[in-house]
2 protein chains.
Amino acid sequence: MTDTAPRPTLEAVAARAGVSRATVSRVVNGGDGVRDVLVERVRKAVDELGYVPNQAARSLVTRRHDAVAVVVAEPETRVFADPFFALQLRGISKELTAHDNQLVLLLTEGRDDHARVGRYLAGGHVDGALVFSLHLDDPLPELIQRAGVPTVFGGRPGWSGDRRDVVYVDSDNRGGARDAVRHLAGLGRTRIAHITGALDQTSAADRLDGYRDVMVDADPRLIAEADFTPAGGERAMRELLERCPDVDAVFAANDLTAAGALRVLRARGRRVPDDVAVIGFDDMRPVAEQTDPPLTTVRQDIEEMGRLMARLLLRGLDRDAPREGVGAIPSSVVLPTTLVRRESA
Amino acid sequence: MTDTAPRPTLEAVAARAGVSRATVSRVVNGGDGVRDVLVERVRKAVDELGYVPNQAARSLVTRRHDAVAVVVAEPETRVFADPFFALQLRGISKELTAHDNQLVLLLTEGRDDHARVGRYLAGGHVDGALVFSLHLDDPLPELIQRAGVPTVFGGRPGWSGDRRDVVYVDSDNRGGARDAVRHLAGLGRTRIAHITGALDQTSAADRLDGYRDVMVDADPRLIAEADFTPAGGERAMRELLERCPDVDAVFAANDLTAAGALRVLRARGRRVPDDVAVIGFDDMRPVAEQTDPPLTTVRQDIEEMGRLMARLLLRGLDRDAPREGVGAIPSSVVLPTTLVRRESA
DNA sequence: CGAGCGCACGAGAGCGCTCTCACCACGCTG
DNA sequence: CAGCGTGGTGAGAGCGCTCTCGTGCGCTCG
């Protein structure tokens, strides 16, 4: 745990290269409008001195930080239960890194933290924020929106319906759900059940809507509420078997839930897919490929969602970006899903 | 994606409160040596103006950033496969938040990124770093160490054996492994196998050492190499059953691996724990409680490890901290493990 | 051949803060 | 009553950088 040595400044580089501070600054920032000879000289001095720009000094004048906050509300709930968030984070990280931006991670725990996050964002420490708002009633998104920080949301925020200035990236949950249910119907199944996700999340609500789109007058008893967890899936599957012993297909809100359902089905001696066909959602490989039988599921490209969030945000942040035409003001993106057929349906 | 409004400066607050900049600064930073009347007046002005200190300006002079980098090498490998890292991150986040430090997340992907991370850390953007070095041959830790940034490692780095200046937080992998194997022996098992983790990670190597400590002259065929994944666990378990059909107990390097092993055992008609007793490592609740039967495992407090890493780092960073006596120079910490008995052994 | 222009560079201000130091008004001691 | 702390406050320098502006130079063109 050694302390850092004093670092060379622009001044020092300038002195060594025999030019002015301004010229060094120009070179460091791209070198436009400087003669090649001088560029070379400055570069050499930079290398020899091991000069690294002081970001604080730079930010002070540019008012840019080249840093983006990633806000994750209430990690206890879901985030750390499945790799979903980790994958998005990875996508975000890749994109930010590619554009020399830093990722400041803000995990919030409970209401008190909201104020803290709000203060931090309003404090102008970062250029923008990527926000994962998991719950419909979460006050955080609005709070952030009001802080005036450019923001892209991960997943459609619950209250965004009529707000055109809200930018988010989401999967086509509803469409994917429709595909899944149609596929089950195409298999000749008629008693198709749905195990929902946590319905205070738009993704779960949208998937339920998709289910209903196809099953227009479905028996309401075919819908069992769960929470995206394996345990919830087990519980819901047991309910379902109780209420509707004749169920012949299940569309689960995600793979984890489907895995729980599969366990119950096996325990009750129902064969999958022969007696009951099962479809999940996410295509979380480690889960979907490991179930018995391997899970047919609706694939969404989670890492790509993260990457896209970051890309939209950075584009919105770019001062040089065109304010008109293609890709001007970023607008929300809904990514398509694809059905991945394995053996469970 | 609105832009931020111009924010009030210290100057503005000073003017409004009718004091000097210096006084406002003093109040904002604790208010020592300022009369209560003035403190009040300044506080009021701060509130009314919604003043938030400009961190860049502050860092420029203090040379502190109140930010810590969390470096995760090669996330593809393991990090995103199990919730292990997410839990540590949560612990880290809590501790950093409690001390008003920001968490800058650096995910590296391949060798090129190492240079980038090295440059970033050497660039003095953060006060310290928390590093997860997963592989024995990873050049990153040394690189960071040389960058002169105060660092605490998550897990014992492979090359740290003789370096006293390396600070890390780890679980007592070896001791935990010994406990597990002794427990199996105590159950009367004699053909106790071990499915290793990825042996290029110290945690896996240490657990193997612990196994060997107890099984001093174990049949080498009882050791099967895997990689901390469920699929690896399945593969290793199949090998084991092939090589030593008389195996009556398995100590798996982690819960995920154990879950894989359990699946194979069931498929082969071996009863657990009657025919084969199984113990995992981690006590990853969602995994260990969901297996069939629920998994006996070695518990390590992962979140606490993260919290501790952050605490050690911050303590080392604290200029006011005592340089002598208890808690002076932080030294590595090895956390104890506990055996959690469920039904698999 | 001189006026004009553009390009390359340097001078200098200033971003918002902290921190040292000088100052002043007390109250105390001798 | 002079002298001397002492504690509270303000003035001002300066952290390392960017960016605007002005200057000098070489070039073109009338």
Side-chain angles (χ1 to χ4, degrees), chain A residues 4-43 45-46 49-67 100 122-127 319-320, chain B residues 4-43 45-46 49-67 100 122-127 319-320:
Chain A
T4 52
R7 293 193 294 117
T9 73
L10 251 202
E11 191 79 49
V13 178
R16 184 175 193 103
V19 296
S20 73
R21 250 179 16 249
T23 299
V24 178
S25 177
R26 277 187 272 259
V27 172
V28 169
N29 293 294
D32 298 339
V34 179
R35 276 179 307 156
D36 292 356
V37 219
L38 287 195
V39 171
E40 261 328 295
R41 258 204 348 247
V42 171
R43 291 249 162 84
V46 165
L49 262 43
Y51 170 76
V52 183
N54 180 321
Q55 185 60 40
R58 182 179 274 175
S59 293
L60 184 55
V61 27
T62 59
R63 277 129 201 296
R64 270 196 137 265
H65 299 85
D66 294 319
D100 279 318
H125 304 269
V126 290
D127 300 327
R319 291 161 168 174
D320 309 328
Chain B
T4 52
R7 293 193 294 115
T9 73
L10 252 202
E11 192 78 51
V13 177
R16 184 174 193 104
V19 297
S20 72
R21 254 185 7 256
T23 298
V24 178
S25 178
R26 277 187 271 260
V27 172
V28 169
N29 292 294
D32 299 338
V34 180
R35 275 179 309 156
D36 293 355
V37 217
L38 288 195
V39 171
E40 261 329 295
R41 255 201 353 245
V42 170
R43 290 249 162 84
V46 165
L49 262 43
Y51 169 76
V52 184
N54 180 321
Q55 185 59 41
R58 181 180 274 176
S59 294
L60 184 55
V61 26
T62 60
R63 276 126 201 299
R64 270 196 137 265
H65 299 85
D66 295 319
D100 278 318
H125 303 269
V126 291
D127 301 326
R319 292 160 168 174
D320 309 329

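By convention in this document, chain letters (A, B, ...) are assigned in the order of the sequence lines, proteins followed by strands, and residues within each chain are numbered from 1. Side chains included, hydrogens not; waters and symmetry mates left out as well; all remaining heavy atoms used.
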Looking at Val39(A) and Gly31(A), what are the two nearest heavy atoms and their distance? CG2-O, 4.3 Å
Val126(A) versus His65(A): any side-chain heavy-atom pair under 4.5 Å? no
From CG of Asn54(B) over to P of dG16(D), roughly how many Å is that when rounded to an integer? 17 Å
Whole-Å distance separating the CG atom of Leu10(B) from the P atom of dA11(D): 14 Å
Taking CZ from Arg58(B) and P from dC19(C), how many angstroms apart are they, rounded to a whole number? 9 Å
Side-chain contact, heavy-atom cut-off 4.5 Å: Leu38(B) with Arg35(B)? yes
Restricting to non-hydrogen atoms, name the atom on Arg7(A) and the atom on Ala122(B) that form the minimum distance, rounded to 0.1 Å. CD-O, 3.7 Å
5' precedence on DNA chain D between Val61(A) and Ala57(B) (nearest-nucleotide basis): Ala57(B)
pair Asn29(B)-Arg58(B): side-chain heavy atoms closer than 4.5 Å: yes
Considering only dG10(C), dC17(C), dG16(D), which nucleotide approaches the side chain of Leu60(B) most closely? dG16(D)
Taking the minimum atom-to-atom distance to the side chain of Val19(A), which one of dG10(C), dC15(C), dG12(C) wins? dG10(C)
Minimum-distance nucleotide to Thr62(B) side chain [options: dG16(D), dG12(C), dT18(C)]: dT18(C)
Taken to the nearest whole Å, CD/Gln55(A) to C1'/dC15(D) is 15 Å
Strictly below 4.0 Å: does Arg63(A) bring a side-chain N or O up to OP1 or OP2 of dG16(C)? yes
Ignoring backbone atoms, test whether Ser20(A) places a side-chain nitrogen or oxygen under 4.0 Å from the OP1 or OP2 oxygen of dG10(C). yes
If a pair satisfies salt bridge (charged side-chain N to carboxylate O under 4.0 Å, His left out) and one of its residues is in residues 21-31 of chain A, list it, with sequence neighbours excluded. Glu11(A)-Arg21(A)
Considering non-hydrogen atoms only, spot the tightest contact between Gly123(A) and Val52(B) and give its length. CA-CG1, 3.6 Å
Arg21(A) CZ to dA11(C) P, straight-line distance once rounded to whole Å: 9 Å
For the helix from dC1(C)-dG30(D) to dG30(C)-dC1(D), figure out the bend between the end axes, five pairs an end, and round to 10 degrees. 50°
Nucleic acid contacts of residues 22-42 of chain A, taken as heavy-atom distances under 4.0 Å to DNA chain D: Ala22(A), Ser25(A), Asn29(A)
How long is the gap from CZ on Arg64(B) to CD on Gln55(B), to the nearest 0.5 Å? 10.0 Å
With side chains defined as the heavy atoms from C-beta onward, is the minimum distance between Val42(B) and Val19(B) less than 4.5 Å? yes
